[in-house]
Amino acid sequence: KTIYISVMSLRQRTKRVNAKVVEIYMSEIENAKKLFFEALEFLDSGDFQKAELRLRDALRLTPDSVSVLTNLAVVLLRRNEFCEAREYAEKAVSASNNNIEALLILSTCYNHDENFSEVLSTCNKVIAIEPNNVAALNNRGLALEHFSRFAEAIDSYERATTLDPNYSEPYINRGNALRKLNRYDEAFAAYDKALALKPDLESAWLGRGNVFYNLKRYDEAIAAYDRALALKSDYADVLLVRGNLFYELKRYDEAVRAY
C-alpha cells in the first residue's frame, strides 16, 4: 500500500521541527552566555573553582566557543592546572590562530614544562601579531636566557619596560640576566627600579641578595635574603641559597636551620 504525503503538509511539519531546533539552539546559546558572564564575575573576584565550573558548563553548550575555551584556559592556569590549561589554549588557538591571550597562556605552560623552544616560538608568534605586547617580550626574554642568549634577553626586557615602565617583572628578569654577565651595577639598578614600583617584591630582594653574594658582601646578602623571607617565609629559592651561604661561611647550625 502506497502512502502519499502532501508536499505542503511535509513542508509545514519540517518548518515546525526546524523552528523547535532553532528555539532549543537559541536557548542553549543564551544559557551559555549567562554561564560565561557568571564565570567572568567569579574570575574577577578570584573564585577560580566556581569560574571553572561555569565555564565547563558553558563549553558543553557551545563546544567551539573561542571565548569560553580561552577563559577556561585562563582559570586552569590560575589554578596551576598547566596540562589542562595548555589543552584548552591549544584548542582556542586552533580555532583562532591570532588569539593573543591563548598564545600567551601556551607560552606560560611551555615555560612550566621547561619547553623553552616552544616558549620562544610562541612568543615570537605573539610579537609578529602584536609587536608591543609586553608580556610576550618578557616571556621571550626568559626563553632566550635558557639558551644563554643574554644580550637578546636583556634587549627583550628593555623593550618591555620601555613600552610599560610600570611593569615590574621585566626589571627583575633584566637584573637576573645582567647578574649572569657580571654587570652588577646595572643589575642593582634593575632590581631597584622593580622595588621602586613594588617594595614587597620578594624576587627583587632575592636578586639583590644574589648580587651581594657574588660580590662576597655576605652580610648584605643575608640581609636581602631576610627581607625576601619576611615577605614570603616559604620561598624555597631563598631558603636554599641562604643555606648555601651559611654553609660557605662555616656557620653550619644556621645552614641546617635555613635548609
Side-chain angles (χ1 to χ4, degrees), residues 14-113 115 118-119 121-140 142 160-161 163-170 197-198 200-201 203 232:
T14 302
K15 283 181 181 180
R16 286 196 297 271
V17 170
N18 286 345
K20 188 65 177 177
V21 169
V22 169
E23 182 182 339
I24 293 170
Y25 178 67
M26 292 304 294
S27 175
E28 287 181 348
I29 289 177
E30 290 305 313
N31 285 336
K33 281 182 181 178
K34 180 175 179 291
L35 290 163
F36 177 73
F37 287 116
E38 285 178 2
L40 294 186
E41 289 180 8
F42 285 125
L43 182 56
D44 288 341
S45 68
D47 192 337
F48 304 126
Q49 183 177 10
K50 288 182 179 177
E52 180 185 343
L53 291 172
R54 296 298 191 282
L55 287 166
R56 287 190 186 280
D57 286 342
L59 192 62
R60 278 190 282 272
L61 296 171
T62 53
D64 298 323
S65 170
V66 174
S67 296
V68 176
L69 287 166
T70 303
N71 281 278
L72 182 54
V74 169
V75 169
L76 290 165
L77 187 64
R78 298 295 293 271
R79 302 194 70 187
N80 294 323
E81 300 288 347
F82 293 96
C83 185
E84 270 201 292
R86 185 179 68 247
E87 176 189 341
Y88 286 109
E90 285 173 346
K91 288 179 179 178
V93 170
S94 178
S96 174
N97 57 11
N98 288 341
N99 187 329
I100 297 290
E101 189 168 13
L103 287 167
L104 288 173
I105 293 166
L106 281 179
S107 75
T108 302
C109 293
Y110 291 138
N111 187 65
H112 176 264
D113 295 339
N115 188 346
E118 286 296 335
V119 175
S121 173
T122 305
C123 289
N124 284 337
K125 286 178 185 175
V126 174
I127 293 165
I129 300 166
E130 195 174 282
N132 293 340
N133 189 294
V134 293
L137 288 165
N138 180 66
N139 292 351
R140 179 176 179 271
L142 291 171
T161 54
L163 290 164
D164 185 357
N166 295 318
Y167 186 19
S168 59
E169 191 173 334
L197 292 170
K198 294 183 179 178
D200 59 350
L201 278 172
S203 53
K232 185 179 179 182

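Residue indices begin at 1 and follow the sequence shown.
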**Student:** Apply the test side chain to side chain contact (heavy atoms under 4.5 Å, CB included) to residues N139 and N111: give CA-CA distance (whole Å), side-chain angles for both, the deciding distance (0.1 Å), then the verdict.
**Tutor:** CA-CA 8 Å; N139 292 351; N111 187 65; over 6 Å; no
**Student:** I'd like to check S107 versus V126 (side-chain heavy atoms, cut-off strictly below 4.5 Å). Are they in contact?
**Tutor:**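 Answer no - side chains too far apart.
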**Student:** Side-chain contact, heavy-atom cut-off 4.5 Å: N99 with E101?
**Tutor:** yes
**Student:** Quick one: does any side-chain atom of S96 pair with a main-chain N or O of A92 as donor and acceptor, under 3.5 Å?
**Tutor:** no
**Student:** With a 4.5 Å cut-off on side-chain heavy atoms, are D64 and K91 touching?
**Tutor:** no
**Student:** Between K33 and F36, is there a side-chain heavy-atom distance shorter than 4.5 Å?
**Tutor:**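 Contact flag for F36/K33 side chains = no.
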**Student:** Atom CG of N98 and atom CD of E130: how far apart are they, to the nearest 0.5 Å?
**Tutor:** 10.5 Å
**Student:** Work out which heavy atom in L197 is nearest to a heavy atom in P165; give both atom names and the distance.
**Tutor:**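 Here L197 and P165 meet closest at CD1-O, 3.5 Å.
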**Student:** Are side-chain heavy atoms of Y167 and T161 found at a separation under 4.5 Å?
**Tutor:**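 Not in contact.
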**Student:** Quick one: does any side-chain atom of N71 pair with a main-chain N or O of S67 as donor and acceptor, under 3.5 Å?
**Tutor:**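 Yes, the answer is positive, given that a donor and an acceptor are paired below the 3.5 Å cut-off.
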**Student:** For R56, does the CZ atom sit with more than 12 other heavy atoms under 6.0 Å from it, leaving out its own atoms?
**Tutor:** yes
**Student:** Quick check: closest heavy atoms across A58 and A32, and the distance to 0.1 Å?
**Tutor:**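 Distance-wise, the nearest heavy atoms are CB-O, 3.8 Å.
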**Student:** Within the structure provided, determine whether L104 and N133 are in side-chain contact (heavy-atom separation under 4.5 Å).
**Tutor:** yes
**Student:** Could you tell me whether the side chain of K34 reaches within less than 4.5 Å of the side chain of E30, counting heavy atoms only?
**Tutor:** no
**Student:** What are the two closest heavy atoms between L163 and V134, and how far apart are they?
**Tutor:** CB-CG1, 3.6 Å
**Student:** What's the spacing between E84 CD and E52 CD if we round to 0.5 Å?
**Tutor:** 6.5 Å
**Student:** Under the side chain to side chain contact (heavy atoms under 4.5 Å, CB included) criterion, do L72 and L76 qualify, and how do the steps go?
**Tutor:** CA-CA 6 Å; L72 182 54; L76 290 165; 4.0 Å; yes
**Student:** Nearest 0.5 Å, what's the CG-CG distance between N124 and L103?
**Tutor:** 11.5 Å
**Student:** Looking only at heavy atoms, what is the nearest atom pair of R54 and A39, with distance?
**Tutor:**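 Between these two residues, the closest heavy atoms are CB-CB, 3.7 Å.
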**Student:** Quick one: do the N115 and E118 side chains pair a donor with an acceptor below 3.5 Å?
**Tutor:** no
**Student:** Which pairs of donor and acceptor atoms, one on a side chain in residues 42-50, lie under 3.5 Å apart (sequence neighbours left out)?
**Tutor:**
unit_1: S45; atom_1: OG; unit_2: E41; atom_2: O; d: 3.3
unit_1: S45; atom_1: OG; unit_2: F42; atom_2: O; d: 3.0
unit_1: D47; atom_1: OD1; unit_2: K50; atom_2: N; d: 3.3

**Student:** Can you tell me if T62 uses its side chain to pair, donor with acceptor, with the backbone of S65 under 3.5 Å?
**Tutor:**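 No, because the side chain of T62 does not come within donor-acceptor range (under 3.5 Å) of the backbone of S65.
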**Student:** Return the CG to CG distance between L59 and L69, rounded to the nearest 0.5 Å.
**Tutor:** 5.0 Å
**Student:** Answer yes or no: are there more than 12 heavy-atom neighbours, outside K232 itself, under 6.0 Å from its atom NZ?
**Tutor:** yes
**Student:** Any chance you could measure L77, atom CG, to Y88, atom OH, to the nearest 0.5 Å?
**Tutor:**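 Rounded to the nearest 0.5 Å, the CG-OH separation comes to 14.5 Å.
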**Student:** Would you name the heavy atoms of C109 and R86 that are closest together and state the gap between them?
**Tutor:**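 Residues C109 and R86, closest heavy atoms: SG-N, 3.7 Å.
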**Student:** Compare all side-chain heavy atoms of V119 with those of L142 and state whether any distance is below 4.5 angstrom.
**Tutor:**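 With C-beta onward as the side chain, the pair stays apart.
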**Student:** A89 and I105: which non-hydrogen atoms are nearest, and at how many Å?
**Tutor:** CB-CG2, 3.9 Å
**Student:** Short question: side chain of T70, backbone of V66 - any donor-acceptor pair under 3.5 Å?
**Tutor:**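 Flag set: sc T70 to bb V66 pair under 3.5 Å.
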